[in-house]
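Worksheet for the structure shown next.
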Amino acid sequence: MPVMDEFREERQALKNGTPKEKLSYFFYYYKWHTIVVIAVLALAVSMIYQMVTQKEDALYVALLNVVEAESAPEYRQKFAEYAGIDTDTYNIQFDTSMRIDLSDSSPDENTMASSQKLMVYIAAQEIDVLVGGESAINNYAYNDTFYDLREYLTEEQIARYESSFYYMDRAVARAREEAALTSEDFTDLPEYPSPKNPEAMEDPVPVGIYLDENADIRENYYFLDGEVILSVVINGTNTENASKYIDFVLQ
């Protein structure tokens, strides 16, 4: 029997078939079409839902080499109340996922992956505040990552926090950049000077603030590094809330 005649007989039989028979026929011939359509619709609905419900970040703080305590959500909520941020509308991000150890000349996989993530997030203007130990902060401070706090903080804030400033030497940054252009293995780059001794620097720039050991943040986030520095990323988008966070963490 020709295929078209067989098809017409099946269609005619289905007119008088049971609902179960009609459903079986539909899925037999249109199963994959239906699956594809449902998948596309589900993806579209999911994307639309995320676009509609996704909240913007009011502040993004990246914390390096940190273990989060159970009390951390309460700490974030305290800051939200302090800064007047509506958490139903905005997110406050405290990212503790990155582990960076630059003490070894051969970084491990965690350091490599975290360094790449941090670089991408900074380039994408996602991060407002970076908190970490001296070795990590040195690395980013000497690559023009942070604000000169003299140009960022108010006079009142400078007077209040100046005794805890972390300094980088812009002259050393230039020398390291020039040496990197001719070095084959980066072993002959100038050493970082002491960040607490601006008097010994040629061109000192305050780009961070040391956090006191009694700072409330240390009760909610356990830092694996010794001394910890807070710096404001120069291309961050939430500068006002970053400034409020400095006052909050150092109050």
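What you see below is based on every heavy atom in this structure, not just the backbone, and it leaves out hydrogens, waters and symmetry mates.
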CG/Leu63 to CG/Leu224 distance, rounded to the nearest 0.5 angstrom?
->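 Reported to 0.5 Å precision, the distance equals 11.5 Å.
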Gln251 CD to Ile246 CD1 distance, which is reported to the nearest 0.5 Å |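 Rounded to the nearest 0.5 Å, the CD-CD1 separation comes to 13.0 Å.
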Sequence-distant partners of Glu155, salt bridge (charged side-chain N to carboxylate O under 4.0 Å, His left out), two or more places apart |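 Salt bridge (charged side-chain N to carboxylate O under 4.0 Å, His left out) check on Glu155 returns nothing, list empty.
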Between Val131 and Phe223, is a side-chain contact (heavy atoms from CB on, under 4.5 Å) present by the stated rule, with each step listed?
-> CA-CA 10 Å; Val131 183; Phe223 290 87; 3.7 Å; yes
Does the side chain of Thr89 pick up a donor-acceptor pair with the side chain of Glu56 at under 3.5 Å?
->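 The criterion, which ignores hydrogens and geometry beyond distance, is not satisfied for Glu56 and Thr89.
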Do Asp101 and Thr111 have a side chain donor and acceptor closer than 3.5 Å?
->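 No donor-acceptor contact under 3.5 Å links the two side chains.
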Residues in side chain to side chain donor-acceptor pair (under 3.5 Å) contact with [X], at least two apart in sequence or another chain:
X: Thr145; result: none
X: Tyr161; result: Asp247
X: Tyr210; result: Glu134

For Asp128 and Val232, run side-chain contact (heavy atoms from CB on, under 4.5 Å): C-alpha distance rounded to whole Å, both residues' side-chain angles, the deciding distance at 0.1 Å, then the answer.
-> CA-CA 6 Å; Asp128 302 299; Val232 181; 5.9 Å; no
Parallel under 30°, tilted from 30 to 60°, perpendicular over 60°: which one fits the rings of Tyr245 and Phe79?
->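 Rings of Tyr245 and Phe79: perpendicular, as their planes differ by over 60°.
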Specify whether Tyr75 and Phe248 have parallel, tilted or perpendicular ring planes, treating 30° as the upper limit for parallel and 60° as the lower limit for perpendicular.
->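 If you compare the ring of Tyr75 with that of Phe248, the planes turn out tilted.
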Apply side-chain contact (heavy atoms from CB on, under 4.5 Å) to [X] and list each qualifying residue two or more places apart in sequence or on a separate chain.
X: Tyr222; value: Val67, Ala69
X: Asn139; value: Leu102, Asn143, Tyr192
X: Lys117; value: Asp95, Ser97, Met98, Tyr121
X: Ala136; value: Leu64

Which of these passes side-chain contact (heavy atoms from CB on, under 4.5 Å) with Tyr142: Asp169, Leu189, Val207?
->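 Of Asp169, Leu189, Val207, side-chain contact (heavy atoms from CB on, under 4.5 Å) with Tyr142 is met by Asp169 alone.
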Hey, mind stepping through Leu118 and Tyr140 against side-chain contact (heavy atoms from CB on, under 4.5 Å) and telling me if it holds?
-> CA-CA 10 Å; Leu118 184 57; Tyr140 293 98; 3.3 Å; yes
What residues, two or more places apart in sequence or in another chain, satisfy ring-ring contact (aromatic ring centres under 6.0 Å, His included) together with Tyr166?
->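 Not a single residue meets the ring-ring contact (aromatic ring centres under 6.0 Å, His included) criterion with Tyr166.
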Go through the structure and list residues passing ring-ring contact (aromatic ring centres under 6.0 Å, His included) with Tyr167, not counting sequence neighbours.
->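 None.
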Going through the distances and angles, do Thr237 and Glu126 end up as a side-chain hydrogen bond (donor to acceptor under 3.5 Å, both in side chains)?
-> CA-CA 7 Å; Thr237 57; Glu126 293 286 338; over 6 Å; no
Pairs in or reaching into residues 58-71: which pass salt bridge (Lys or Arg N to Asp or Glu O under 4.0 Å), with residues at least two apart or in two chains?
->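 As it turns out, the salt bridge (Lys or Arg N to Asp or Glu O under 4.0 Å) pairs with a partner in residues 58-71, which skip direct neighbours, are Glu68-Arg76.
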Lys244/Glu240 salt bridge by N-O under 4.0 Å criterion |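 Lys244 and Glu240: salt-bridged.
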Output yes when Arg160 and Glu156 qualify as a salt bridge under the 4.0 Å nitrogen-oxygen rule, no when they do not.
->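 Judged by the 4.0 Å cut-off on N to carboxylate O distance, Arg160 and Glu156 do form a salt bridge.
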Report yes or no: does [X] contribute a side-chain atom to a donor-acceptor pair with the main-chain N or O of [Y] at less than 3.5 Å?
X: Asp57; Y: Leu59; answer: no
X: Asn241; Y: Ala58; answer: yes
X: Tyr221; Y: Phe94; answer: no
X: Glu219; Y: Asp216; answer: no
X: Asn235; Y: Ile122; answer: yes
X: Arg99; Y: Asn110; answer: no

Pairs where residues 193-203 contributes a residue and the test side-chain hydrogen bond (donor to acceptor under 3.5 Å, both in side chains) is met, not counting sequence neighbours |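 Residue pairs passing side-chain hydrogen bond (donor to acceptor under 3.5 Å, both in side chains), neighbours aside: Lys196-Glu227.
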Go through the steps to decide whether Glu74 and Lys78 satisfy the test salt bridge (charged side-chain N to carboxylate O under 4.0 Å, His left out), and finish with yes or no.
-> CA-CA 6 Å; Glu74 297 177 10; Lys78 283 172 60 178; over 6 Å; no
Indicate the atoms forming the closest heavy-atom contact of Ile229 with Gly208, along with that distance.
->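 Scanning both residues completely, I find the closest heavy atoms to be CG2-CA, 3.8 Å.
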For the residue pair Leu149 and Ile209, what are the closest heavy atoms and their distance?
->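 Smallest interatomic distance, heavy atoms only, reads CD1-CG1, 3.6 Å.
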